[in-house]
Amino acid sequence: MTQSYRFPPGFHWGAATSAYQIEGSPLADGAGPSIWERFAHTPGMMANGDTGDIACDHYHRYKDDVQLMRALGLQGYRFSIAWSRVLPEGTGRINQKGVDFYSRLVDELLENGIEPNATLFHWDLPAALDDRGGWLNRDIAHWFAEYANVMYKALDGRVKRWSTLNEPWVVTDGGYLHGALAPGHRSKYEAPIAAHNLMRASGAGIQAYRAVGKHEIGVVFNIEPKYPASNSPEDIAATRRAHAYMNEQFADPALLGSYPPELKEIFGPAWPDFPEDDFKLTQQKVDFVGLNYYTRAVVKHDPNAYPLKAVPVKQPNTTYTETGWEVYEQGFTDMFTWFKQRYGDIPLYVTENGSAFYDAPVAEGDVVQDPLRTSYLRKHLKAMHHAIEQGVNLKGYYAWSLLDNLEWSLGFAKRFGLYHVDFATQKRTPKATAKFYAQVIETNGAVL
Ligand SMILES: OC[C@@H]1[C@@H](O)[C@H](O)[C@@H](O)c2nc(CNc3ccccc3)cn21
């Protein structure tokens, strides 16, 4: 009997983006600068000198982009809100024109039968708050709750699914430890403090929602399953450290109210003794958790690797994407199994999954042929279906990304979109993967 890949009735199919990567006009209509506005305009920080000044011009083209979503039959759209568009100084004065943009976007989605899924923070911290210490200042938990309340008041009721943070691991590893992302710090003393305050802020945002919210709120983590390069005790220990550092460092304080012991082992004296009371804030009941999956890592011990003493090992005879990530769909299934075993049967959404491959330009009206991206999507949707068959409480899937966009410091060259964007003309062109995904949605997976 052939395997059926039909998903449960009501499984939710969507696509995702983030504000700084697609909107453009970062300072329009009274918006304040974010740390990404500053970082992108710092020479040497961005590939090809690319910035989010225009990006996909979604700030002006959002109605047309909602029609692109409708053309795919999307049931949901995950977007993020630019904090400094609505609170130019991060706290205090509200920029109503900024709030109004998101209100218009939400209404446009609802009028087209698409469920809005709003992320409050997708890396673009207001620069004014970074000037006050940003994620290193414990007061940011209150600043974030203030911002969250402004948006709950403006959009709740129309927005039925909220996320506090997108991928706090990337913010701390990229922004505070290695410096490849905004705000570009390089300190193993700052990274744990920023990580902890991110989870305190997420907890404060969830607490604020419980006071006024009518629907659902959760938090989004990137998970990259780790596999030892050998059975040597050193490699197994290195894998354990790498797993705790990326996959447990943020979910544990949110869902267990503690940190894995490996973090003290990794950071040594740079790991603070956080007040026990803090975990009463970081640990809040969530309605769902969003998991972003792209790839796995095979890990070996390396005494010179800072600070993990662990490095990834490139795998032979397999496919890697343009961002250097191995195509490994078994890791998708493994991730769900691990998460349920460690944290219990929490409702889950895949809030990001996708791949960057080179896309050849096409003639007017054609479809961009992107077989590698379609293969990646097909393999991962099948792997996701296996997880559901194994009893994982998976409610929906958001493809990354609706549009080719600004891949942070990697610029516009790394293309994840279901739609190709010609950034010189802003023309959107569907890729073959978009057509395939539309069939998946129409058949609820039966076409896989
Ligand atoms: O890189 C693709 C996307 C990115 O465009 C999204 O804004 C972000 O949410 C996102 N997270 C990951 C997975 N995590 C990750 C791991 C290492 C470096 C950067 C991101 C991939 N992506």
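For ligands, and for the atoms within them, numbers begin at 1 and follow the listed sequence. Please read all numbers here as calculations on a predicted model, not as lab measurements.
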- Quick note on ligand 1: atoms under 4.0 Å from a heavy atom of F416 include exactly 1 (O), 2 (C)
- Go through ligand 1 atom by atom and flag the ones less than 4.0 Å from a non-hydrogen atom of N166. 9 (O)
- Query: Considering only protein heavy atoms, which is closest to atom 11 (N) of ligand 1, and at what distance to one decimal place?
  - Reply: E167 OE1, 2.5 Å
- Item | Main-chain N/O of A82 paired with Y102 side-chain donor or acceptor, under 3.5 Å | yes
- Item | Axial cation check for F357 ring with R373, 6.0 Å and 45° limits | no
- Query: Closest non-hydrogen protein atom to atom 16 (C) of ligand 1, residue and atom name please, with distance?
  - Reply: W169 CZ3, 3.9 Å
- R161 versus Y349, side-chain donor and acceptor atoms under 3.5 Å: yes
- Query: Within the distance-only criterion (no hydrogens, no angle test), does the side chain of K431 pair as donor or acceptor with the backbone N or O of G417 below 3.5 angstrom?
  - Reply: yes
- Task: Could you tell me whether Y20 approaches ligand 1 through its side chain, its backbone, both or neither, with non-hydrogen atoms closer than 4.0 Å?
- Result: neither
- When distances are taken from atom 10 (C) of ligand 1, the protein heavy atom at minimum range is E352 OE1, 3.1 Å
- Task: Would you mind running through ligand 1 and noting each atom that sits below 4.0 Å from a heavy atom of E407?
- Result: 1 (O), 2 (C), 4 (C), 5 (O)
- Message: If the contact criterion is a heavy-atom separation under 4.0 Å, does H122 count as touching ligand 1?
- Response: yes
- Note on the structure: In P33, S34, P183, the residue satisfying side-chain contact (heavy atoms from CB on, under 4.5 Å) with D130 is P183
- Task: Calculate, to the nearest 0.5 Å, the distance between atoms CH2 and OH belonging to W83 and Y147 respectively.
- Result: 7.5 Å
- Numbering as shown, the atoms of ligand 1 that approach V170 to under 4.0 Å (heavy-atom distance): 14 (N), 15 (C), 20 (C)
- Task: Please determine if R241 and E265 form a salt bridge, counting it only when a charged side-chain N lies under 4.0 Å from a carboxylate O.
- Result: yes
- Among all protein heavy atoms, pick the one closest to atom 7 (O) of ligand 1 and tell me residue, atom and distance. Q21 OE1, 2.7 Å
- Query: How far is atom 13 (C) of ligand 1 from its nearest protein heavy atom, and which residue and atom name does that atom have?
  - Reply: Y294 CD1, 3.4 Å
- Among W408, W123, W325, which one has a heavy atom closest to atom 18 (C) of ligand 1? W325
- Message: Do K314 and Y320 form a cation-pi contact, if we require the NZ or CZ to be under 6.0 Å from the six-membered ring centre and within 45 degrees of the ring's axis?
- Response: yes
- Message: Within this structure, what is the CZ-NE2 distance for the pair R78 and H12, rounded to the nearest 0.5 Å?
- Response: 11.5 Å
- Query: Taking distance alone, with no angle check, do N405 and ligand 1 share an N/O pair under 3.5 Å?
  - Reply: no
